[in-house]
Structures are given as structure tokens and as C-alpha cells.
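I have placed the structure first, in the form of C-alpha cells, so that the comments after it can refer back to it.
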Amino acid sequence: MNSSYITSAAQAEQLPELEGLPEVAFIGRSNCGKSTLLNALVGHNGLARASKLAGRTQMVNFFKLDAGAEKRLVLADLPGYGFAATSHEIRDHWQGLMAAYVIRPQVREFLFLADTRRAGDLDDEDRDLMMYLARLRPLCVVLTKVDKATQRDIGLAQKSITEFLNKAKIRASKIQAVSSQTGKGIDALRAQIYQHWG
């Protein structure tokens, strides 16, 4: 399978058409591990640029997977949200770009990423975003960095998110715990994404 960077969009009007290929979007808080997970899924460490500084990604970055025989797919790495040091101007920009992206007809699924160590205590911003996304497309909740979490953290995160999804009547395709470092859950999440080949 070949993977490659396509383009980035800093403004809503820059969002590309990309031949109408199906897209899977990675969405989550700043520094939750979106870019690192994307790299782990495609087996290419340098594909998506991961930063140790929260709030660094301010564009939607598009990557293409091509397995031949009509199997093509686009992965979209969206800007992280919720970073405390981010200015109101940048937050307003993020909201505008997000609003334009999520209604794209070619989007097949949202991967909502949350750091396992804090996923047991989601705030209103997290919950509101999950409810908003779930009204538009299928939602898969991905608990990241499980290698840095205790079994108690993992259990609390899964319980808390399941209870919220049930109470909000959100039908998530699954809650998947993964580690980009150890490979835990990567194959299962990859299979989930590959259902959307176009």
C-alpha cells in the first residue's frame, strides 16, 4: 500500500475536492496523538508531522492511501482543539474550518481521539463535539496512548465514554483502545478504517 501527503487547507475555501474519494477524519484535542496514530496506521513514521507542542497543527492535512485495484482512501488530520494557550482568534478560525470540513459529503467516518489518561473525565467541549459529529456521520471513539495509562485509567475511560454515549443516545461504531508505540489495537483500528475503501 502506498501512502502520500496530498495537501493542507488553512481556510474553508482551500478544502480540496480530491476526486470525491472517501475520507476518514481524525479529530481530537491538541496533543492527543492524532498525527502519531495516523503514521502508525499507515506504517510511515514521517507521513504526518507530529509535534510535541500542543496546538501546533492549525490546518486540515490530507493524506492518500492507495492499495491499487480501485482501493483508495483519504485520511484527514484535523487541527487539535482545546489548547489553553490558543488565542480566541485561532479558536474562531478552528471552528470555522471544522464547520466547513465536517459537512463534506465524502466523509465516511469520524475518529474521535482522546488521551486515555484524561478520557474518563471528558468536559462539555468534548461531549458537545462528539454529539455534533455523531449526528453527521458514524463515530468511532479512539482511546490513545494506552501504553502510558494504567488498567484503571483504561477501564474508567471506557466506562465513562460508554455511559455518556448511551445517555446521549449516540451510536458509536466502537470504542477502540490503541497505542502507537506498542501497536496495541492498531490492526483492529486499521481494519475499521479500511472498510471505507473507494
Side-chain angles (χ1 to χ4, degrees), residues 6-30 32-35 37-38 41 48 55 57-65 72-83 86 90-115 118-119 122-144 157-158 160-178 185 188-198:
I6 305 173
T7 189
S8 297
Q11 305 291 337
E13 57 270 21
Q14 295 174 344
L15 291 170
E17 291 299 327
L18 303 178
E19 307 172 59
L21 291 175
E23 297 178 13
V24 174
F26 291 62
I27 300 173
R29 283 187 172 273
S30 297
C32 72
K34 295 189 307 298
S35 300
L37 176 59
L38 193 151
L41 287 165
T57 302
Q58 297 299 330
M59 299 183 289
V60 180
N61 298 310
F62 294 87
F63 305 91
K64 182 178 179 181
L65 303 184
R72 296 183 298 164
L73 181 67
V74 172
L75 304 181
D77 185 8
L78 275 68
Y81 68 93
F83 181 47
T86 301
I90 290 176
R91 290 188 184 193
D92 289 345
H93 170 264
W94 180 89
Q95 290 175 343
L97 185 57
M98 170 72 88
Y101 177 81
V102 297
I103 61 173
R104 286 163 66 84
Q106 57 266 53
V107 177
R108 298 292 185 267
E109 184 172 33
F110 296 117
L111 303 185
F112 181 87
L113 279 60
D115 187 326
R118 68 168 303 277
L122 299 178
D123 62 20
D124 289 343
E125 189 173 22
D126 300 312
R127 296 169 190 267
D128 289 347
L129 182 55
M130 275 198 283
M131 287 191 289
Y132 174 55
L133 296 174
R135 287 195 295 265
L136 299 171
R137 297 288 187 278
L139 180 72
C140 175
V141 179
V142 182
L143 300 176
T144 62
Q158 292 174 327
S160 175
I161 290 175
T162 298
E163 288 177 350
F164 164 68
L165 294 175
N166 290 337
K167 184 176 180 180
K169 297 182 180 179
I170 296 174
R171 186 175 179 181
S173 52
K174 66 166 54 179
I175 299 175
Q176 181 67 53
V178 302
L189 183 58
R190 188 182 290 125
Q192 173 83 9
I193 291 170
Y194 286 0
Q195 295 181 76
H196 304 293
W197 284 123

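Because the structure is a prediction, the values reported are computed rather than measured.
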### Stepwise side-chain contact (heavy atoms from CB on, under 4.5 Å) check, Asp126 with Arg29
CA-CA 8 Å; Asp126 300 312; Arg29 283 187 172 273; 2.9 Å; yes
### Message
Does Thr144 form a side-chain hydrogen bond (donor to acceptor under 3.5 Å, both in side chains) with Asp115? I'd like the steps, not just the answer.
### Response
CA-CA 5 Å; Thr144 62; Asp115 187 326; 5.0 Å; no
### Task
Quick one: do Phe112 and Val142 satisfy side-chain contact (heavy atoms from CB on, under 4.5 Å)? Show the steps, please.
CA-CA 6 Å; Phe112 181 87; Val142 182; over 6 Å; no
### Query
Where do Arg118 and Asp123 land on the side-chain contact (heavy atoms from CB on, under 4.5 Å) test, with the steps shown first?
CA-CA 10 Å; Arg118 68 168 303 277; Asp123 62 20; 4.2 Å; yes
#### Entry: Step-by-step side-chain contact (heavy atoms from CB on, under 4.5 Å) determination, Met130 to Val141
CA-CA 9 Å; Met130 275 198 283; Val141 179; 4.1 Å; yes
### Task
Test Gln192 against Glu109 for side-chain hydrogen bond (donor to acceptor under 3.5 Å, both in side chains), laying out the working first.
CA-CA 10 Å; Gln192 173 83 9; Glu109 184 172 33; 2.8 Å; yes
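Residues Phe26 and Leu78 are not in side-chain contact: their nearest non-hydrogen atoms beyond the backbone lie 4.5 Å or more apart. Side-chain contact between Val74 and Val24 is absent, with no heavy-atom pair separated by less than 4.5 Å. Side-chain contact between Asn61 and Pro79: absent, with no pair of heavy atoms (C-beta onward) separated by less than 4.5 Å. Arg108 is not listed as a side-chain neighbour of Glu23, based on a closest heavy-atom distance of 4.5 Å or more. Looking at heavy atoms from C-beta onward, Leu97 lies in side-chain contact with Val60 at the 4.5 angstrom threshold. Residues Pro16 and Ile6 fail the side-chain proximity criterion, which asks for heavy atoms closer than 4.5 Å. Between Leu143 and Ile161, the closest side-chain pair of non-hydrogen atoms falls below 4.5 Å. In this structure, Arg104 and Val107 have side chains that are in contact, with non-hydrogen atoms separated by less than 4.5 Å.
Here the shortest heavy-atom pairing between Ala172 and Leu165 reads CB-CD1, 3.8 Å. In this structure, Arg137 and Pro105 approach most closely via the heavy-atom pair NH2-CA, 3.4 Å. Considering every non-hydrogen atom in both Ala157 and Ala119, the closest pair reads CB-CB, 3.7 Å. The shortest non-hydrogen separation linking Ala48 to Asp77 is CB-OD2, 4.5 Å. Smallest separation of non-hydrogen atoms from Ala168 and Met131: CB-SD, 4.0 Å.
Screening Leu75, Val178, Ile193, Leu65 against Leu41 for a side chain to side chain contact (heavy atoms under 4.5 Å, CB included) leaves a single residue, Ile193.
To the nearest 0.5 Å, atoms CZ (Arg171) and CG (Leu139) are separated by 12.5 Å. One distance of note links SG of Cys140 with CD1 of Ile27; it measures 12.0 Å at 0.5 Å rounding. Interatomic distance, Leu37 CG to Gln176 CD, rounded to the nearest 0.5 Å: 10.0 Å. Interatomic distance, Ile170 CD1 to Thr162 OG1, rounded to the nearest 0.5 Å: 11.5 Å. With values rounded to the nearest 0.5 angstrom, Thr7 atom OG1 is found 13.0 Å from Lys64 atom NZ. Interatomic distance, Leu133 CG to Arg135 CZ, rounded to the nearest 0.5 Å: 9.0 Å.
Panel note: side chain Glu163, backbone Ser160; no donor-acceptor pair is recorded below 3.5 Å.
Every residue two or more places apart in sequence or in another chain that forms a side chain to side chain contact (heavy atoms under 4.5 Å, CB included) with Leu136 is listed here: Val102, Phe110, Tyr132.
Residue Glu17 qualifies as open at atom CD: its count of foreign heavy atoms under 6.0 Å is 12 or below.
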